[in-house]
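Right, one structure below, let's go through it.
In what follows, every chain begins at residue 1, and chains take the letters A, B, ... in the order their sequences are listed.
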Amino acid sequence: MSKRFYITTAIDYVNGEPHLGHAYEKIVADVIARSRRAAGQETFFLTGLDEHGQKVQQAAQAEGKTPQAYCDELAEVWQRFIAKLGLSNDDFVRTTQPRHQRFVQAILSKLHAGGQLYKEVYRGSYSTKEETFLTAKDRRPDGSFDPIFGEVIELEEENYYFKLGAYQRWLAEHIERNPSFIQPAHRRNEILGFLKNDVLEDLCITRPASRLSWGIPLPFDPDYVTYVWFDALSNYASIPASFGDPALAGPLGLPPSASQPAPSLWPADIHVVGKDIIRFHSVFWPIMLKAAGLLLPLQVLVHGWWQKDGQKMSKSTGNVVDPVRVIDDWGVDAFRYYVLRELDIGQDGNWTHAGFKSRYSAELANGLGNLVNRSLSMLKRYREGVVPPVSTELAADGERALTETRAHLSQNHLQAALQSIWSLVARANQYVDHTAPFKLAKDPAQGRRLDEVLYNLTEVCRILAVLLSPFLLETPAKIYSQLGLGALPGNLSAATWGRLPPGHRIGTPAPLFPRKEGC
RNA sequence: GCCAGAGUAGCUCAGGGGUAGAGCAGAGGACUCAUAAGCCUUUGGUCGGGGGUUCAAAUCCCUCCUCUGGCACCA
């Protein structure tokens, strides 16, 4: 079986609240996944949750629940969130699942057997209250620790380390040779600068089980559990491995697929991550894979952060955008459209209500929505909704939009693709005014000309629905329904000109993005 | 502090030696199919300051100012 296109989001810490940043990352990944499917590629899209760690352990205890019961409840919250965003993920990983733990233990065993791990004593300042070691950064300017840390003692603890530093030069060369490995380019430069100018230190990968029980035990030392790096990052490979993916199961000695043939997913094509965790994904994770003899992902695609009204979002000041609220008020398509259209991937964004409303009314309602409504209304009124013979006056414009959209999507330029699609919207709106079908309709001698104009407009509406299908969820289906065409095609090739059959009778036009008063 | 990047129209940004561009916002107009939407026309800028190279600089060089991003793991 040929390898599928495989894309992931970061997994979210189960304890956190779903916010705009999570929604944005997931929607970006979703649109890329949908665009690949629409290009005819078999695709696998994974998202999920990071459920281990001290904070979960403590929070569960505070609520008198087992950590697993606590996670199960929160996992439902996250799954509802994902459904709200309309994600097309093929699976949902939770790091507490046995299928994930098997992989983590397998890769740790292999690294241990290969001498890539070692045990060492660390001595440092330990906060008994926070149950964590403190670092220089935790010190106040006078050198003392903040009282929030409570009693601070000197403590020794033995842990396992992973030989990260040994791979520093190799990784720098890999990134040099593969310009697309970290995107966008300025993020790549940051990582390269770091790899060339700083010393990469080894990574502490465990906690004693006595201190942290809610984690995956080391297969070769039950006194320890593995800590965030191997536990969380491994999710990208653990799920393909659990299906028996030959690129993973074989090298790690995991059981082959129960259902043959095993899907071929690894290596991942794209890891979509936020700029805050770029280092873990473009330094730690590749080295972990390399050390274990596994293939590296092809690309780490780094997105920026959103601000609200030019300020950092913060729950304490109430300066937040609640994606669920926006979707409830404006619809999932308006939400998805705004975050995709506002930013090129990699830039930081600034959410403003005025900006959101402006794009909603100017681009969605007045641009796209009104075009579809006026076009179909005229076909309904002047031709009883029956599609006239094929005409090709706007065919070149339609084909250009298709070509550009495909080209942009193949490079994950989602914003640029939307701009290309909207240039067809603008062209068609202009065409209405230039050809004035409402005037042609008054002159019986102009019947053939009116037929031509109406075919072109109706076909543009259909093409727009197809082009928008990777981006929007409800609108393309609504357009198809209003066209009386049934199921939306799954492939962008349906956007080639002239597929709207003459003689076909369309459905009932209705506004796509209703005007909203007082919002 | 170090390393990048950026400062161009009211806003968001493109351009990168040879009459300053787009979208939005603003102004005016003709139309009426449509969600009072759409279409056409149009006002805005000595391209951060200063100096230099050149016949010619927003563009190249120097310098200054301002802003942004990054500087991990640090058990």
Side-chain angles (χ1 to χ4, degrees), chain A residues 119-126 132-138 155-162 164-165 184-208 211-212 224 227-229 275-280 282-284 302 304-305 341-344 346-350 352 354-355 358-382 415 419 422-423 425-442 450 453-454 457 509-517:
Chain A
K119 215 171 174 183
E120 193 168 86
V121 172
Y122 174 87
R123 183 181 167 81
S125 304
Y126 182 82
T132 183
F133 277 85
L134 302 174
T135 70
K137 266 196 297 193
D138 296 314
L155 192 71
E156 284 187 358
E157 190 170 293
E158 194 168 30
N159 269 302
Y160 284 89
Y161 289 77
F162 170 51
L164 203 63
H186 70 276
R187 296 296 173 196
R188 174 174 178 265
N189 293 340
E190 277 177 23
I191 294 295
L192 271 178
F194 155 71
L195 285 173
K196 287 176 177 171
N197 299 325
D198 292 88
V199 174
L200 191 57
E201 289 175 21
D202 290 346
L203 200 59
C204 180
I205 61 160
T206 60
R207 296 290 183 272
R211 194 150 78 70
L212 176 67
Y224 290 90
Y227 179 63
V228 58
W229 314 121
K275 64 182 184 181
D276 51 326
I277 53 175
I278 178 175
R279 193 145 313 202
F280 312 146
S282 54
V283 178
F284 298 177
V302 184
W305 282 2
R341 176 62 184 76
E342 185 72 14
L343 298 186
D344 193 18
Q347 303 295 116
D348 281 345
N350 182 27
T352 64
S358 170
R359 291 208 187 278
Y360 180 90
S361 60
E363 294 165 23
L364 292 174
N366 301 346
L368 174 66
N370 190 48
L371 171 69
V372 172
N373 196 229
R374 68 199 305 208
S375 299
L376 301 194
S377 294
M378 286 191 283
L379 182 62
K380 193 91 179 170
R381 175 183 298 203
Y382 305 139
Q415 181 193 46
Q419 286 169 323
W422 254 261
S423 72
V425 172
R427 173 70 186 104
N429 269 321
Q430 179 191 55
Y431 179 78
V432 175
D433 283 79
H434 287 185
T435 58
F438 39 87
K439 284 182 182 159
L440 298 173
K442 290 173 182 160
L450 179 59
V453 171
L454 291 175
L457 287 173
L512 291 172
F513 296 93
R515 292 178 64 80
K516 295 189 51 111
E517 306 296 341

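- Along RNA chain B, the nucleotide nearest A:Glu190 and the nucleotide nearest A:Ile205 are compared for position; the residue whose nucleotide lies closer to the 5' end is A:Glu190.
- Using the Watson-Crick or G-U wobble rule with both distances under 3.5 Å, B:rA27 pairs with B:rU41.
- A:Phe513 has its CZ atom 17 Å from the P atom of B:rA37, to the nearest Å.
- To the nearest whole angstrom, the two C1' atoms, one in B:rG23 and one in B:rG70, are 31 Å apart.
- Taking atom P in both B:rC13 and B:rA57, the straight-line distance is 29 Å, to the nearest Å.
- Within 4.0 Å (heavy atoms only), A:Gly193 reaches no atom of the nucleic acid at all.
- If you measure from atom CD of A:Glu363 to atom P of B:rU12, you get 17 Å, rounded to the nearest angstrom.
- The side chain to side chain contact (heavy atoms under 4.5 Å, CB included) with A:Leu368 is formed by just one residue from the set A:Val425, A:Asn373, A:Asn429; it is A:Val425.
- Candidate nucleotides B:rG38, B:rC73, B:rU32 were compared by shortest atom distance to the side chain of A:Asn429, and B:rG38 ranks first.
- Of all nucleotides present, only B:rG70 satisfies the Watson-Crick or G-U wobble test against B:rC2, with each distance under 3.5 Å.
- Side-chain proximity of A:Leu512 to B:rU35, B:rA34, B:rC73: nearest is B:rU35.
- Looking at heavy-atom distances under 4.0 Å, A:Arg211 makes contact with a base.
- Comparing B:rG21 with B:rG44, their C1' atoms are spaced 13 Å from each other, to the whole Å.
- Look at A:Gln430 and you'll find a side-chain N or O under 4.0 angstrom from OP1 or OP2 of B:rC40.
- You'll find that the side chain of A:Asn366 is closest to B:rA37, out of B:rG70, B:rC33, B:rA37.
- Taking OG1 of A:Thr206 as the reference point, atom CD of A:Glu158 lies at 9.0 Å (rounded to 0.5 Å).
- Two residues are said to be in side-chain contact when any heavy atoms from C-beta on lie closer than 4.5 Å; A:Leu164 and A:Glu201 fail this criterion.
- The distance from atom CZ of A:Phe162 to atom C1' of B:rC74 is 17 Å, rounded to the nearest whole Å.
- For B:rA4 and B:rA22, the C1' atoms lie 28 Å apart once the distance is rounded to whole Å.
- An OP1 or OP2 oxygen of B:rA37 is reached within less than 4.0 angstrom by a side-chain nitrogen or oxygen of A:Arg515.
- Atom CG of A:Asn197 and atom C1' of B:rA72 are 13 Å apart (whole Å).
- In this structure, the OH atom of A:Tyr122 is 11 Å from the C1' atom of B:rC73, given to the nearest Å.
- Of the nucleotides present, none pairs with B:rU54 by Watson-Crick or G-U wobble criteria with both distances under 3.5 Å.
- At whole-Å resolution of the value, NZ in A:Lys275 and P in B:rA72 are 15 Å apart.
- No side-chain heavy atom of A:Leu440 sits less than 4.5 Å from a side-chain heavy atom of A:Tyr382.
- Taking atom P on both B:rA34 and B:rG38, the two are 15 Å apart, rounded to the nearest angstrom.
- Closest to the A:Phe284 side chain, of the nucleotides B:rG70, B:rU32, B:rC73, is B:rC73.
- Side-chain contact between A:Ser377 and A:Lys380 is absent, with no heavy-atom pair separated by less than 4.5 Å.
- Evaluation of atom-type donor-acceptor distances gives a pair under 3.5 Å for the side chain of A:Asn370 against the base of B:rA34.
- Counting only heavy atoms from C-beta outward, the side chains of A:Trp422 and A:Leu364 approach each other to under 4.5 Å.
- At the phosphate of B:rA4, neither OP1 nor OP2 sits under 4.0 Å from any side-chain N or O atom of A:Arg187.
- Using P as the reference atom, B:rC74 and B:rU63 are 39 Å apart when rounded to the nearest Å.
- Taking atom P in both B:rC2 and B:rA9, one finds a spacing of 30 Å when rounded to whole Å.
- With hydrogens and angles left out, the side chain of A:Asp433 and the base of B:rG38 share a donor-acceptor pair within 3.5 Å.
- The NE2 atom of A:His186 sits 6.0 Å away from atom CD of A:Glu190, with the distance rounded to the nearest 0.5 Å.
- B:rG16 and B:rU8 are spaced 12 Å apart, taking the C1' atom of each and rounding to whole Å.
- Here A:Val453 lies out of heavy-atom contact (under 4.0 Å) with every strand.
- Comparing B:rG38, B:rA34, B:rU35 by their closest approach to the side chain of A:Ser377 singles out B:rA34.
- Rounded to an integer number of Å, the gap from CH2 of A:Trp305 to C1' of B:rG70 is 12 Å.
- Using a 4.0 Å heavy-atom criterion, one finds that A:Leu200 contacts the bases of the nucleic acid, with or without backbone contacts as well.
- Between A:Leu364 atom CG and B:rA37 atom P the separation is 15 Å, expressed in whole Å.
- With distances taken from any side-chain atom of A:Phe438 to the nucleotides B:rC40, B:rG70, B:rC31, the minimum falls on B:rC31.
- Both A:Gly367 and A:Asp198 lie close to RNA chain B; mapped to their nearest nucleotides by heavy-atom distance, the more 5′-ward contact belongs to A:Gly367.
- B:rU19 is unpaired under the Watson-Crick or G-U wobble criterion, no partner having all donor-acceptor distances under 3.5 Å.
- Anti is the conformation of B:rG69, whose glycosidic angle sits further than 90° from 0.
- Taking side-chain N and O atoms only, A:Asn189 has no distance below 4.0 Å to OP1 or OP2 of B:rA4.
- A:Asp348 is listed as a side-chain neighbour of A:Lys275, based on a closest heavy-atom distance under 4.5 Å.
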